[in-house]
Amino acid sequence: MCRIDEHSPVFVRSDPNRPELFEVTYLSSDPLGVHRQTAVAFDPRIRSLGADLIARAAAGEPVANRAIGEYLLLTMSPWDAIPYLELAALDGDFDAQIELAVLLLFAAAPKLH
């Protein structure tokens, strides 16, 4: 059984492609030695999506990335959604491709007065 070393450093790195996700690295030990462990952390704004969906997005699942993108699109801002929709679109998720195209068309359109 491993135990987390209370006084060891904890490193938190943001995911460069998904601003609401973070990689947490810490040390644990057992009788055989000290081991580096990693876990996924996330911005509390997306907590309502559930840990399972967030973990699937962190693992690169296109449908999960699209779900986070759609959530951010509807609840935060379109710009927060773009990284997740881009990842899903690049992985072949057709719905994400359409949503991203529409979003980018609106961004490129001249402002209406």
Side-chain angles (χ1 to χ4, degrees):
M1 174 172 186
C2 287
R3 80 174 192 78
I4 296 174
D5 294 332
E6 295 175 18
H7 303 291
S8 69
V10 174
F11 299 101
V12 179
R13 293 175 198 84
S14 62
D15 184 322
N17 299 316
R18 290 170 287 217
E20 284 71 27
L21 299 181
F22 306 90
E23 179 184 271
V24 179
T25 304
Y26 59 93
L27 299 176
S28 66
S29 62
D30 60 21
L32 299 176
V34 176
H35 312 281
R36 180 177 63 104
Q37 303 288 328
T38 59
V40 174
F42 52 88
D43 188 311
R45 298 181 306 162
I46 64 171
R47 175 184 19 229
S48 64
L49 293 171
D52 180 58
L53 178 77
I54 294 167
R56 291 186 357 243
E61 184 180 304
V63 173
N65 277 315
R66 176 171 44 89
I68 292 178
E70 289 171 343
Y71 175 80
L72 293 171
L73 180 63
L74 296 172
T75 62
M76 305 299 168
S77 86
W79 314 120
D80 291 334
I82 288 175
Y84 296 91
L85 294 175
E86 282 180 338
L87 288 171
L90 289 172
D91 282 336
D93 187 298
F94 181 73
D95 289 339
Q97 293 169 350
I98 297 297
E99 292 167 351
L100 183 62
V102 170
L103 186 58
L104 294 176
L105 282 171
F106 276 115
K111 303 285 186 219
L112 299 175
H113 299 284

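Everything quoted here is computed from the prediction, not taken from an experiment.
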Under the salt bridge (charged side-chain N to carboxylate O under 4.0 Å, His left out) definition, can you give me all pairs with a residue in residues 74-89, not counting sequence neighbours? Arg45-Asp80
For the hydrophobic clusters of this structure (ILVMFWY residues joined by side-chain heavy atoms under 4.5 Å, transitively), does one cluster hold both Met76 and Leu21? yes
Suppose we screen for side chain to side chain donor-acceptor pair (under 3.5 Å). Which residues come up paired with Asp15, at least two apart in sequence or across chains? Arg18
About how many Å separate CZ of Phe94 and CD of Glu99, when rounded to the nearest 0.5 Å? 10.5 Å
Measuring only between side-chain heavy atoms, which start at C-beta, is Ile82 closer than 4.5 Å to Leu104? yes
Contacts of Asp91 meeting side chain to side chain contact (heavy atoms under 4.5 Å, CB included) (sequence neighbours excluded), chain-then-number -> Pro62
Contacts of type side chain to side chain contact (heavy atoms under 4.5 Å, CB included), residue Pro78, not counting sequence neighbours: Leu73, Leu103
With rounding to the nearest 0.5 Å, note down the distance linking CG in Leu105 to CG in Leu100. 9.5 Å
In chain order, what residues pass the side chain to side chain contact (heavy atoms under 4.5 Å, CB included) check against Arg13, with sequence neighbours excluded? Phe11, Glu23, Thr25
Looking at every heavy atom in both Arg36 and Leu27, which two are closest together, and how far apart are they? CA-CD2, 4.1 Å
Which donor-acceptor pairs under 3.5 Å do the side chains of residues 51-59 make with protein atoms, sequence neighbours left out?
unit_1 : atom_1 : unit_2 : atom_2 : d
Asp52  : OD2    : Arg56  : NH1    : 3.1
Arg56  : NE     : Glu61  : OE1    : 3.2
Arg56  : NE     : Glu61  : OE2    : 3.0
Arg56  : NH2    : Glu61  : OE2    : 3.2

Output all residues satisfying side chain to side chain contact (heavy atoms under 4.5 Å, CB included) with Ser48, sequence neighbours left out; order by chain, then residue number. Tyr71
Return the minimal non-hydrogen interatomic distance between Ala89 and Ala96, and the atom names on each side. N-CB, 3.7 Å
Minimum heavy-atom separation for Phe22 and Asp43, please, with both atom names. CE1-N, 3.9 Å
Got a second to check how far Leu85's CG is from Leu90's CG, nearest 0.5 Å? 11.0 Å
Identify the two heavy atoms, one from Tyr84 and one from Asn65, that lie closest to each other, and give their separation to 0.1 Å. CB-O, 3.2 Å
Just verifying a value: how many Å separate Thr75 OG1 and Leu49 CG, rounded to the nearest 0.5 Å? 8.0 Å
Can you tell if the side chain of Glu20 reaches within under 4.5 Å of the side chain of Ile68, non-hydrogen atoms only? no
